[in-house]
Amino acid sequence: MNGWLLAATVVLGGGVGAALWGIATGPLRRRVVAQNLSTALACPGLLLLAQGYERPSYVDVALVLALLGPVGTLVFARLLAAELAADPPRAWGLTWPAAGLVAVVVLALCVAVGPSRAMVKLLLTGVLLIGGNVVASHALSGGFAGVRGG
């Protein structure tokens, strides 16, 4: 086992395990935040696994998850808007640490792979994941001014 695999084990075991527990239990507001957090933690785990096992195809899976995960959260926020309005989630407390984790993992992997096409994919994955989770967290925490569900 190398350091990349150990880091992936910590991220996936601790973070995603806690997020899955949050999804499975508790009030609706905690479940939607945990669902958003699970994407933010699974992607860095996949990126670390890609480096640890030397399998570049795992980066493609992380890229797709970085794109579709926050979109799924936005769909949940839209469909559950009435229920979430009564008891709005507070997503910001977990969003910034998750974004920091993504940034650290992506930067460490960029240093490891060096300037290449793989580095561009890593940076794109990081930008999509951080940006998507910030937008999804903002939508969960009350939405955008002037945008109302119909």
Legend entry - Counterpart residues, side-chain contact (heavy atoms from CB on, under 4.5 Å), relative to Ile23 (two or more places apart):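 side-chain contact (heavy atoms from CB on, under 4.5 Å) list for Ile23, sorted by chain: Leu20, Ala34, Gln35, Ser38.
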
Legend entry - Pairs involving residues 11-25, ordered by first then second residue, that meet side chain to side chain donor-acceptor pair (under 3.5 Å) (sequence neighbours left out):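 Residue pairs with at least one partner in residues 11-25: Thr25-Arg30.
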
Inset, instruction - Determine which pairs satisfy side chain to side chain donor-acceptor pair (under 3.5 Å) with at least one residue from residues 51-63, sequence neighbours left out, and list them in order. - result: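 Every side chain to side chain donor-acceptor pair (under 3.5 Å) pair that includes a residue of residues 51-63, provided the two are not neighbours, is Asp60-Lys121.
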
At their closest point, which heavy atom of [X] faces which heavy atom of [Y], and how far apart are they?
| X | Y | value |
| --- | --- | --- |
| Val32 | Pro89 | CG2-CG, 4.0 Å |
| Asn2 | Gly52 | ND2-O, 3.2 Å |
| Ala40 | Pro44 | O-CD, 3.0 Å |
| Leu41 | Leu12 | O-CD2, 4.2 Å |
| Val16 | Ala42 | CG2-N, 3.9 Å |
| Ala66 | Pro70 | O-CD, 3.2 Å |

Listed once per pair and sorted, the salt bridge (charged side-chain N to carboxylate O under 4.0 Å, His left out) pairs that draw on [range], sequence neighbours left out:
| range | value |
| --- | --- |
| residues 94-108 | none |
| residues 85-103 | Arg29-Asp87 |
| residues 41-50 | none |
| residues 99-114 | none |

Legend entry - Single-linkage hydrophobic cluster, 4.5 Å side-chain cutoff, Val71 and Phe76 together: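 No, no single cluster joins them.
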
Inset, instruction - Kindly determine whether Val134 and Trp96 satisfy side-chain contact (heavy atoms from CB on, under 4.5 Å), including the steps that lead there. - result: CA-CA 8 Å; Val134 166; Trp96 297 117; 4.0 Å; yes

Legend entry - Other cluster members, Leu124 - Ile/Leu/Val/Met/Phe/Trp/Tyr, side-chain contacts below 4.5 Å: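 Other cluster members: Leu63, Leu67, Leu128.
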
Legend entry - Residues clustering with Leu68 (ILVMFWY side chains joined when closer than 4.5 Å, directly or via others):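 Joined to Leu68, directly or through intermediates: Val64.
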
Inset, instruction - Take Val75 and Leu79 through the test side-chain contact (heavy atoms from CB on, under 4.5 Å) and record every step on the way to the result. - result: CA-CA 6 Å; Val75 169; Leu79 292 175; 3.7 Å; yes

For residues 99-115, tabulate all N or O donor-acceptor pairs below 3.5 Å that involve a side-chain atom, not counting sequence neighbours.
none

Legend entry - Contacts of Arg31 that satisfy salt bridge (charged side-chain N to carboxylate O under 4.0 Å, His left out) - sequence neighbours left out: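 Checked Arg31 against salt bridge (charged side-chain N to carboxylate O under 4.0 Å, His left out); zero matches.
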
Legend entry - Backbone of Thr73 reached by a side-chain donor or acceptor of Asn36 within 3.5 Å: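 Not at all, since once roles are kept as given, no pair shorter than 3.5 Å links the two residues.
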
Legend entry - Partners passing side chain to side chain donor-acceptor pair (under 3.5 Å) against Thr125 (at least two apart in sequence or in another chain):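 Counting only residues at least two positions away or on another chain, Thr125 forms no side chain to side chain donor-acceptor pair (under 3.5 Å).
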
